[in-house]
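Here the structure comes first, spelled out in structure tokens, and everything after it is commentary.
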Number of protein chains: 2
Amino acid sequence: MPRAPRYRVIYDDIVSQIRDGRLPAGAQLPNENDLARRYGVSRMTVRQSLDMLDAERYVVRRQGSGTFVAERRSGRHLNRLQSFGDELAADDVDVTSETIHFEEYPVPPDIADLFGIRADDIAHRVKRIRKVGGVPAALQDAWIPYAVAPALTRESLLEDSLYRTLTGRYGVELSHADQELTAVGLSADHAARLGAEEGAPALESRRITYAADGNVVERVTSWTLQEFPLLLRIEAQ
Amino acid sequence: MPRAPRYRVIYDDIVSQIRDGRLPAGAQLPNENDLARRYGVSRMTVRQSLDMLDAERYVVRRQGSGTFVAERRSGRHLNRLQSFGDELAADDVDVTSETIHFEEYPVPPDIADLFGIRADDIAHRVKRIRKVGGVPAALQDAWIPYAVAPALTRESLLEDSLYRTLTGRYGVELSHADQELTAVGLSADHAARLGAEEGAPALESRRITYAADGNVVERVTSWTLQEFPLLLRIEAQ
DNA sequence: GCTCCTAATTCGTCTAGACAACTAGTCATA
DNA sequence: TATGACTAGTTGTCTAGACGAATTAGGAGC
């Protein structure tokens with residue numbers, strides 16, 4: 001593990017303060033000069049951390065006034081790379097997961113190509129139903145290269161999200177994800193699993209997640225029912 | 001028009017070079033010290049411009065190697081706030097627009113509240129069909145406060161995108177947009193206009209665009225057929 | 001009470017450097 | 001021919017300031 005740059009350490013520290021409630025929504029952060037003194041860095045370095053926090057909507061900056069912890073909106077926020085559960089966490093709803101399929105499976109050629117392995121090599125394949133307040137909300141079909149998480153078990157997916165398992169247990173440093181969104185009609189099989197009608201409209205998402213070293217970490221296709229919108233904020237150029 | 005900061009001027013200049021092909025995809029930019037000399041600023045200021053270009057995928061930076069113009073993927077890129085046409089511009093397809101409805105219309109209460117005007121005040125309402133290569137791809141239903149673009153005409157929408165009309169002709173400085181995505185089945189009316197079956201799955205997007213001064217600039221609901229995916233890149237936290 | 005002005009506070013922009021980390025070559029050597 | 005060390009070039013990180021722009025609180029004057 002290479003040592004993280006200081007602005008990253010400061011960013012992580014403030015994120016953890018926001019996550020665990022030490023810095024509640026709406027709270028004002030110490031001003032930039034104070035932060036610089038406290039962390040023992042120059043103001044420019046603190047600003048680099050705040051730039052990241054701002055870009056990811058953890059904080060709102062107001063010139064002349066201060067920097068404040070952002071209020072969260074309801075829905076699934078797509079601006080940060082995070083688990084399905086975290087995306088919804090601010091809603092105070094119960095997000096659960098039911099694994100309906102878990103095996104090590106020979107990969108088809110397109111997935112093999114994506115993962116940079118040989119066709120018919122083994123990868124994890126996990127299908128899960130995500131429920132919100134006990135109601136099925138989405139179905140996920142994930143491929144994970146065996147090398148990324150050799151000891152992945154059905155149990156390890158129960159207690160924690162795949163994202164936290166990968167980043168925590170396997171030390172994978174995530175970089176970014178490319179996501180493709182379309183509307184589709186549910187197949188009979190998928191509809192049955194989600195308790196919906198065949199052909200019911202659903203949001204199909206094909207996501208490829210990359211690690212910091214450039215390797216592909218997972219390829220997930222998911223179908224989300226229309227009652228669960230995705231939220232997205234786009235910055236002006 | 002307040003004078004733009006230097007990093008923004010440099011950003012705009014490089015974007016325009018990329019847009020018009022002077023900097024083609026894959027080309028290497030001058031190094032940061034060169035750019036600083038050319039624009040007569042310090043390297044940190046150039047880096048601020050490059051940070052923005054990087055965040056919006058205009059360029060890729062490789063430590064030790066250089067900064068390069070990014071290759072574009074096919075589809076509609078949602079990471080930047082830009083017009084429907086610009087989202088698809090890199091695909092070398094012909095994006096056209098057919099205005100099927102244009103009038104000044106009393107706003108319903110929810111829109112009035114959003115715009116900060118009184119219910120039954122007047123706003124522009126524009127419905128358009130967007131076509132890609134002559135084929136209907138999406139239907140857009142937009143509300144624009146009268147005050148934002150008092151002289152908006154049907155003709156002005158023909159020759160240029162709404163975004164460029166607002167930013168160019170009316171000097172509106174855009175800040176960001178909040179977007180909500182769901183899958184829906186098309187209504188009979190919408191399906192007919194898009195040449196699709198009633199109930200065909202479509203991506204419904206409800207977007208609210210904000211100006212830099214905090215005012216709402218437009219509220220657009222759009223329905224996109226399933227053949228035209230949206231692309232999105234999500235950064236790790 | 002009210003308005004206007006001023007001062008303090010805060011974030012925004014920008015400088016001119018320094019050194020570290022990384023990449024892609026070149027060149028000597030086994 | 002391969003390998004490894006070296007080097008030039010590039011972006012990454014960081015400093016210690018300076019001044020500008022926006023907001024807010026408080027006081028002076030009415």
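A, B, ... follow the sequence lines: proteins, then strands. Residue 1 opens every chain. None of the values given here were measured: they were computed from a predicted structure.
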Partner residues of [X] under the side-chain contact (heavy atoms from CB on, under 4.5 Å) criterion, sequence neighbours left out:
X	answer
A/D13	A/S16, A/Q17, A/Y39
B/D113	none
B/V60	B/R62, B/A70
B/T221	B/E204, B/R206, B/R219, B/W223

Point-to-point distance, once rounded to the nearest 0.5 Å, from CD of A/E32 to OG1 of A/T45: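 Going from the CD atom of A/E32 to the OG1 atom of A/T45 covers 11.5 Å.
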Any side-chain N or O of A/R47 less than 4.0 Å from the OP1 or OP2 oxygen of C/dC11?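 Indeed not, no polar side-chain atom of A/R47 lies that close.
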Taking only residues two or more places apart in sequence or in another chain, which ones pass side-chain hydrogen bond (donor to acceptor under 3.5 Å, both in side chains) with B/D110?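 Partners of B/D110 under the side-chain hydrogen bond (donor to acceptor under 3.5 Å, both in side chains) test: none.
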Identify, with sequence neighbours excluded, every residue that meets side-chain hydrogen bond (donor to acceptor under 3.5 Å, both in side chains) alongside A/S65.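 side-chain hydrogen bond (donor to acceptor under 3.5 Å, both in side chains) check on A/S65 returns nothing, list empty.
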Length of the [atom1]-[atom2] vector between [X] and [N], whole Å:
X	N	atom1	atom2	answer
A/R6	D/dC14	CZ	C1'	7 Å
A/D51	C/dT13	CG	C1'	12 Å
A/Q48	D/dT15	CD	P	10 Å
B/N31	C/dT23	CG	P	17 Å
A/L35	C/dT10	CG	P	11 Å
B/R37	D/dT10	CZ	C1'	13 Å
B/R8	C/dC14	CZ	C1'	17 Å
B/Y7	C/dC11	OH	C1'	12 Å

Identify, residue by residue, the members of residues 59-69 of chain B with a heavy atom below 4.0 Å from DNA chain D, and return them in order of residue number, or none.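 Here the set is B/R61, B/R62, B/Q63, B/G64, B/S65, B/G66, B/T67.
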Ignoring hydrogens and geometry, is there a side-chain-to-backbone donor-acceptor pair from A/S49 to A/Y7 under 3.5 Å?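 Yes, A/S49 side chain to A/Y7 backbone: donor-acceptor pair under 3.5 Å.
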Shorter than 3.5 Å, N or O on both sides, protein versus nucleotides 16-19 of chain D: list them out with atom names.
residue : atom : partner : partner atom : Å
D/dA18  : N6   : A/R43   : NH1          : 3.4

Proximal nucleotide (of C/dC11, C/dT13, D/dC14) relative to the A/E32 side chain: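 The nucleotide sitting nearest to the side chain is C/dC11.
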List in chain and number order the residues that pass ring-ring contact (aromatic ring centres under 6.0 Å, His included) with A/Y146, two or more places apart in sequence or in another chain; answer none if no residue qualifies.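 Only A/H124 meet the ring-ring contact (aromatic ring centres under 6.0 Å, His included) criterion with A/Y146.
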